[in-house]
Amino acid sequence: MKRIFTLLIAGLGITCVSAQNTCATAEQVTVGIHDASYADDSEAPSIICTQGVNNALNKGLWYTYTSTSIINVTISTSLTGYPNIDTRVHIYQGDCDDLICVDGDDDSGVQTTSIVTFTAQPNITYYIAFDDNWNDDDFVFEVIESTYVPPMFETQNANVGGQYVMCIVDANGDYLDDIVVPNSGYITMMYQNEDGTFTEATPTAGETTYMPGWSLASGDYDGNGINDFLYGAYGGATIMLANDDGTEYTPMISTEFIFSQRTNFVDLNNDGNLDAFVCHDVEPNVYFLNDGDSGFDYFQGGIGDHPAGGNYGSIWVDYDNDDDPDLFIAKCRGGGSDAGINELHRNNGDGTFTDVSEEAGMSDIIQTWSTAFGDFDNDGDMDAMVGANSTSHGSHKLMINNNDGTFSDATANSGFETLTSLSREHITHDFDNDGFLDVMGGGTYIMFNNGDMTFTKVDVGAHVGPIGDLNNDGFLDILNNQQMKINTGNDNNWLKINLEGTDSNRNGIGARIEIYSSGESTWQKQIRDVRSGDGFRFMSSLNTHFGLGQTEAIEQIVIKWPSGIIDIIENPTINESLMAVEGATLSNNQFNSTAFKVYPNPVKDIIQFTTTDNITMTNAYIYDISGKLVISEEISDLSISAQQLTKGTYVMILKDTNGKHYSTKIIKE
């Protein structure tokens, strides 16, 4: 496809810039569309400003850009009316002998084209370099200037190197979000300090041929208090196990062939130990079942069994509110193959799963690499934004949970029906802390949730990456390659919840956390599932974040652990991190709920109770003092049997029709 644009230049106003084959001979570009053609003797960039696969580079194209005022600049190869060429672009400062990455992009545009936006400071020369990582075909690119607006995210240099997928997660057990970059033979750690600075360390990591070229997940696989890592690569997967102080990592490597895509840690059989799940591109999915002794048993099939695979973006979500994690697989396969039909697998609660894609209304053939699941309307169930990476079989779909096991298409008039940005990555977080989950996908845009299932597209100058709180201020930040995009914040309130499992896995992965507002609020209830791995590639914080908007008081936090234990925290302090240890509230003395009264107490055979304030109770749970769930049943009248209880003290928790929980202590005679 050489010189395909030559005859178009005069008629379409395309500028042809010469002498751009080396950094030293780079020519200035200005606003407009430019023709680009590689030369055989050109200089390939040696400093890479993007994450992902690096092939052998032979050619490069070099330009400079300078402005007399502060301005936002976009470099895009995603142009309407032109062929979509697979490009990669890097933006530098400095000089040709000492280039420093400013930003870069590989696949944010339509069909693997590139879009990158950076803020140009006055009278600073920026270098723009394209490379032939994917091909050396001719292409066009556009330089776009836009008015500088003080950004939602301020850019700070992360000062961390490494080729492979990065993550934000607590790596040393202090519950502060750290930056983690795997490398061959070691892992670069940027440990966050309480004063907002970082301390670099490089713990050794045993060699593996399966580095995380495709995805990375994190969780405490062996329960020693230090998070481990799950690498996904072509050919296989690796679990990197940390020693007890995080100074050394030992690989456990699969011997079976796996074309890994999304990886996750999740407790598949609810035995309190994390298992490792890996999407398989060309075969049925695989998982490593934790043997409880830091090893695993390998399994294939049972959770996504299409013989041709097509499995790309797995996300574990309790879509049916039955307190166990279900699996949605965003699938992709060209040519309309049925291997590209998305799959939803319901957890049966016994270690098996049932494909309910069709009956749930989620069996689309959209070519998607990831789907964002969250409660977008704050009604207590998980909705989905099925994100497209190609429009060959349709575009983005916003699906609302009907709370009956099915979903309905809510795309029309939501804002997503006109969203043209495509991406492999689609994630949801509350970036502005207003109490409603936003969606981030292609380009440098966030779709901000308006609170009514409509979304507004805003260019924030950052693209999808690992998400976490990198300065511990309660606002979510983003890691973009070598840059930290630090959220500048606002006057909205927030709450962070850190979990420590005891009966459940150490991270509480698979837990459901609910919060309830007190007094006047734009929302009454919010929910989160604790997950290891969302989107397609990156690993984001395991700390659970809630934006509260202007709500100044939380009435109640409910934590439903995978073990079945329910912890209830009344009237927590906001704008701070809260530490929740599994079962801790079962042994305290704060069981003085006035919503219901139990009689008789002590009880012999039948527990009877009355409720106040027109509250209707739907479920009852009784725990012994060790935190073990001994009774769980739906309430048909205002009594439950206590005959199966032995003598002793118990905690009784009742759930009402709004999902709130109330507790008291009872004594069995």
CD1 of I226 to CG of D228, rounded to nearest 0.5 Å, is 9.0 Å
**Request:** Indicate whether any N or O donor in one side chain lies under 3.5 Å from an N or O acceptor in the other, for R506 and N227.
**Result:** no
When every non-hydrogen atom of N285 is compared with those of C279, the smallest separation belongs to OD1-CA, 3.3 Å
Note to self: If we ignore hydrogens and angles and just use 3.5 Å, is the side chain of S215 paired with the main-chain N or O of T263 as donor and acceptor?
What the structure shows: yes
Minimal heavy-atom distance between S517 and T551, with the atoms involved, is CB-CG2, 4.0 Å
Q: Examine F596 together with Y662 and report whether their ring centres are nearer than 6.0 Å.
A: no
Determine whether the aromatic ring centres of residues F373 and Y319 are separated by less than 6.0 angstrom.
no
Is the distance from the ring center of F376 to that of F436 below 6.0 Å? no
Is it true that, when you exclude E256 itself, more than 12 heavy atoms of the residues, nucleotides or ligands shown sit nearer than 6.0 Å to its CD?
yes
- Can H661 and D656 be counted as having a side-chain donor-acceptor contact under 3.5 angstrom? no
Heavy-atom closest pair (V630 atom, L645 atom, distance to 0.1 Å) is CG2-CD2, 3.8 Å
TODO: Would you confirm whether the ring centroid of Y650 sits within less than 6.0 angstrom of the ring centroid of Y623?
DONE: no
Kindly determine whether R528 and E514 satisfy salt bridge (Lys or Arg N to Asp or Glu O under 4.0 Å), including the steps that lead there. CA-CA 7 Å; R528 300 284 191 273; E514 304 171 352; over 6 Å; no
For Y210 and Y231, run ring-ring contact (aromatic ring centres under 6.0 Å, His included): C-alpha distance rounded to whole Å, both residues' side-chain angles, the deciding distance at 0.1 Å, then the answer. CA-CA 7 Å; Y210 303 131; Y231 297 175; over 10 Å; no
Worksheet entry | Residues K496, D177: salt bridge by 4.0 Å N-O rule | no
Quiz item: Would you call D529-R512 a salt bridge at under 4.0 Å N-O?
Solution: yes
Just checking, any donor-acceptor pair under 3.5 angstrom between side chains of T368 and N389?
-> no
Of all heavy-atom pairs linking A242 and D222, the shortest is O-OD2, 3.7 Å
Residues passing the ring-ring contact (aromatic ring centres under 6.0 Å, His included) test with F257, sequence neighbours excluded, are Y234, H280
For I653 and I568 the tightest heavy-atom approach is CG2-CD1, 3.9 Å
E634 atom CD, neighbour heavy-atom count above 12 within 6.0 Å | no
- When the ring centroid of F277 is compared with that of W316, is the distance short of 6.0 Å? yes
